[in-house]
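First the proteins, then the strands, lettered A, B, ... as listed; each starts at 1. Both backbone and side-chain heavy atoms feed into the values below; hydrogens, waters and symmetry mates do not.
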Number of protein chains: 2
Amino acid sequence: MKNEMGKNIDTITEIRGFNRFYTNILGLLEKDLYGSGYSLSEARVLFEISKTENCTAVQLCNTLKMDRGYMSRIISKFEKNGLISRRESETDSRAFNIQLTAGGNRLFHELNERSNQQIEDLLLKLNEDEKLKLLKSMETVKKYLTKATANILIRPYKKSDISYVIDRQLSLYETERHFTSEVWKTYLKQGVLELLEKFDPRKDCMLILEYNANPAGCVAITHTDDDTAQYRYYFVEPELRGIGVGHRLLEEALSFCKEKKYRHIFLWTVSAQETARSLYSKAGFTLTESHENNDWGVPVTEEKWEKDL
Amino acid sequence: MKNEMGKNIDTITEIRGFNRFYTNILGLLEKDLYGSGYSLSEARVLFEISKTENCTAVQLCNTLKMDRGYMSRIISKFEKNGLISRRESETDSRAFNIQLTAGGNRLFHELNERSNQQIEDLLLKLNEDEKLKLLKSMETVKKYLTKATANILIRPYKKSDISYVIDRQLSLYETERHFTSEVWKTYLKQGVLELLEKFDPRKDCMLILEYNANPAGCVAITHTDDDTAQYRYYFVEPELRGIGVGHRLLEEALSFCKEKKYRHIFLWTVSAQETARSLYSKAGFTLTESHENNDWGVPVTEEKWEKDL
DNA sequence: CAAAACAGTTGACAAAGGCAACTTTCTATT
DNA sequence: AATAGAAAGTTGCCTTTGTCAACTGTTTTG
């Protein structure tokens, strides 16, 4: 039913019903933190610290949408309780990098255990088929609500993004592609640093994808010669995949190339990067070359894709 | 992946990820209440009052899982602000029935408008297909999580349940079946009251389905003669349908009949009650009679279903 | 009929968190 | 190179939100 203003009021009502429902569910689950001495907000911060390597307070504020003052106090409490350690950021002496101490990890795992147990108890009431459907549906809800609520921005890189671009890419390639060799790590780091040294704003660019004010993806264009651009360091955070932001990033990079009068663009990828490959193909790239490579810690087929502009 | 204890740790992790995600989403949406002068909890209470006819404070505490003291204060505030009126319950002079005043309704609609607008804005970013998938998935998540978390109890009726059984059934039949005639209303009320008058614990029973400590369904058995039971007043709250509780209620009633040595059971329903019909059929009832009835405000085909015990 | 359970209220108190001013550092602009 | 504006983080002040336990009066139950 659409009402006079063309609003899909039934859909809205259903979604709001779901939100009320989930408010209850979450309220129920939170109770479990009670004996721990930490609040839901604190547990969320702890969790976020544990999953974000080298995080800073602002980053935490952005992702958890919490007040800076409040965050500052939570972090102080954590430090006093020996859960985290801080060291001044190498790139910004206003900021601190936060990491869990052994004690922090212990608490983290303890809280995790509780939460896992709690969810497990719930799952006992469902059979395998129901669990599967539940999971699939949660995935779908997450995907579309991410799409609907995501605060996405694509902007030129800042000095402070570099460590993100390097560290995050190393970590993603390690967990997703099992690239573990030192050769690979050095190759990536050197590549990025070289890009910066030789950076020419008339021909090069490095774009950062921002999600809720935090970096969440990247792409760079470097010049091989005046007519030939290389497309590099392209990645998007897993949670943002499948909602079209990777495509936007690619488009931005291509439009930069056109603006800079490149005639030709190429990139190297590995054959297992299915989603990236299909994006390249859709954008008009064609596969022109491929060879085996055993230097990255796992054997891969590297592919060259090219496109005329 | 199952770990050494047989836990489905991946599923648990995914679900917890979804919970963290939704905590963020809800946090985002709550911000919208800010200017209203009412908190999220207050808004939830207001919403619950508006949707529950004749609700009491405990009921609200049960469904929203809030503290009694806190609830008491919220209700006082609402009354002081002219949003609700209270009158002593007819059946329990400790309790009050709460209803929205015109002013309460006004605020309620205002808050609704805001929330609707907010959701509508989100939906702009999705196409029709995505909206549909989102909705379907939310339905599924809700269904299975209801099943997994529901606190279900089936117990004999108490005096205080009677008004629920009558009012709720009238209201459900009106919205779902368009039974609107006074004849119908009187028929139902009289029927229930007569059941109580003639109630014989050796042959009759009335079972209440409880969901989170509130009544959420019913079934009654009355004796036609020593060998013949009639199955009546069978209904389950919409939000609890499809998760097997209706079936449990039916089973409880049948096992009561067996215990009381009935030889035969029958019931009347209307042909449009698809889900109930299929439950009856699965439980071994057979359709033995049917006729048209125009007395309930809408023409229906009434059906008699019977079963030997 | 007594004991236990229950609906609701109240006081005392703690936790949660918003807001704004302030310091120091960084970035952009001229 | 100078400077203004923005940003990271801290702190004080304050309100709101929520918990807990004791208390009154009523209902239910054995």
Side-chain angles (χ1 to χ4, degrees), chain A residues 23 27 30-31 33-45 54-62 64-80 84 86-98 155-162 201 210 213-215, chain B residues 23 27 30-31 33-45 54-62 64-80 84 86-98 155-162 201 208 210 213-214:
Chain A
T23 305
E30 280 165 30
K31 300 262 147 95
L33 285 165
Y34 274 17
S36 72
Y38 292 91
S39 71
L40 173 65
S41 296
E42 289 169 332
R44 290 173 73 204
V45 173
N54 275 325
C55 70
T56 65
V58 227
Q59 264 175 44
L60 294 171
C61 289
N62 289 338
L64 300 176
K65 302 210 173 65
M66 287 169 58
D67 176 73
R68 282 178 305 146
Y70 191 31
M71 182 62 75
S72 177
R73 272 183 257 263
I74 289 180
I75 289 174
S76 301
K77 179 177 170 187
F78 281 180
E79 196 171 29
K80 208 178 64 191
I84 59 161
R86 295 198 278 186
R87 62 163 199 284
E88 213 173 67
S89 159
E90 285 156 26
T91 49
D92 185 341
S93 59
R94 294 170 303 178
F96 299 93
N97 285 329
I98 300 168
R155 56 157 180 79
Y157 84 100
K158 289 184 283 193
K159 223 177 56 186
S160 54
D161 296 316
I162 300 309
E210 246 185 30
N214 284 336
Chain B
T23 305
E30 280 164 30
K31 301 260 146 95
L33 284 165
Y34 274 16
S36 72
Y38 292 90
S39 71
L40 173 64
S41 296
E42 289 169 332
R44 291 173 74 204
V45 173
N54 275 324
C55 70
T56 64
V58 227
Q59 265 174 46
L60 295 170
C61 290
N62 289 337
L64 300 175
K65 302 210 173 66
M66 286 170 58
D67 175 75
R68 282 177 307 146
Y70 191 30
M71 182 62 74
S72 177
R73 273 183 255 264
I74 290 180
I75 289 173
S76 301
K77 178 177 171 188
F78 281 180
E79 197 170 30
K80 208 177 65 190
I84 60 160
R86 295 197 279 186
R87 60 164 200 284
E88 213 174 66
S89 159
E90 285 155 26
T91 49
D92 186 339
S93 59
R94 293 170 303 180
F96 299 92
N97 286 328
I98 300 169
R155 57 155 178 81
Y157 85 100
K158 288 183 283 191
K159 227 177 54 186
S160 55
D161 296 317
I162 301 307
I208 299 294
E210 247 185 28
N214 283 337

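Within 4.0 Å of B/Asp92, counting heavy atoms only, lie sugar-phosphate atoms of the nucleic acid but no base atom. Within the 4.0 angstrom heavy-atom criterion, only backbone atoms of the sugar-phosphate kind lie near B/Lys159; the bases stay farther away. A/Thr56 comes within 4.0 angstrom of sugar-phosphate atoms only, judged by non-hydrogen atoms across all strands, and of no base. Residue-level contact check: A/Ser89 touches neither bases nor backbone, having no heavy atom under 4.0 Å from any strand.
If you take CZ of B/Arg155 and C1' of D/dT29, they are 14 Å apart, rounded to a whole angstrom. Between the P atom of D/dT10 and the CE atom of A/Met66 lies a distance of 13 Å, rounded to the nearest Å. For the pair A/Lys77 NZ and D/dG9 C1', the interatomic distance rounds to 19 Å; values are reported in whole Å. Distance B/Glu30 CD to C/dA16 P: 15 Å, rounded to the nearest Å. Between the OH atom of B/Tyr38 and the P atom of D/dT16 there is a distance of 13 Å, given to the nearest Å. Computed from coordinates, the A/Asp67 CG to C/dG18 C1' distance equals 6 Å when rounded to whole Å. If you take CE of A/Met71 and P of D/dT10, they are 11 Å apart, rounded to a whole angstrom. Per the geometry, CG belonging to A/Asn97 stands 12 Å off C1' belonging to D/dA8, to the nearest Å.
At the phosphate of D/dT10, OP1 or OP2 sits under 4.0 Å from a side-chain N or O atom of A/Arg86. Distances shorter than 4.0 Å separate none of the side-chain N or O atoms of A/Ser160 from OP1 or OP2 on C/dC26. The shortest distance between the side-chain N/O atoms of A/Ser93 and the OP1/OP2 oxygens of C/dT24 is not below 4.0 Å. In this structure, B/Ser72 does not reach the C/dA7 phosphate: none of its side-chain N or O atoms is under 4.0 Å from OP1 or OP2.
Between B/Val45 and B/Phe78, the closest side-chain pair of non-hydrogen atoms falls below 4.5 Å.
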(request) Apply the test salt bridge (Lys or Arg N to Asp or Glu O under 4.0 Å) to residues B/Asp92 and B/Lys158: give CA-CA distance (whole Å), side-chain angles for both, the deciding distance (0.1 Å), then the verdict. (result) CA-CA 12 Å; B/Asp92 186 339; B/Lys158 288 183 283 191; over 6 Å; no
(request) Test side chain to side chain contact (heavy atoms under 4.5 Å, CB included) on A/Leu60 and A/Arg68 and set out the steps. (result) CA-CA 9 Å; A/Leu60 294 171; A/Arg68 282 178 305 146; over 6 Å; no
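Not a single donor-acceptor contact under 3.5 angstrom links the side-chain atoms of A/Arg94 to the base of C/dC26.
When all heavy atoms of B/Ala57 and B/Ile98 are compared, the closest pair comes out as N-CD1, 4.0 Å.
Looking at which nucleotide of DNA chain D each of A/Lys31 and A/Ile98 is closest to, the 5′-most match is held by A/Ile98. Nearer the 5' end of DNA chain C, as judged by each residue's closest nucleotide, is the contact made by B/Gln59, out of B/Gln59 and B/Arg73.
Closest to the side chain of B/Tyr70, out of D/dA8, C/dG8, D/dT19, is D/dT19.
Counting non-hydrogen atoms of neighbouring residues, nucleotides and ligands closer than 6.0 angstrom, the NZ atom of A/Lys159 reaches no more than 12 such neighbours.
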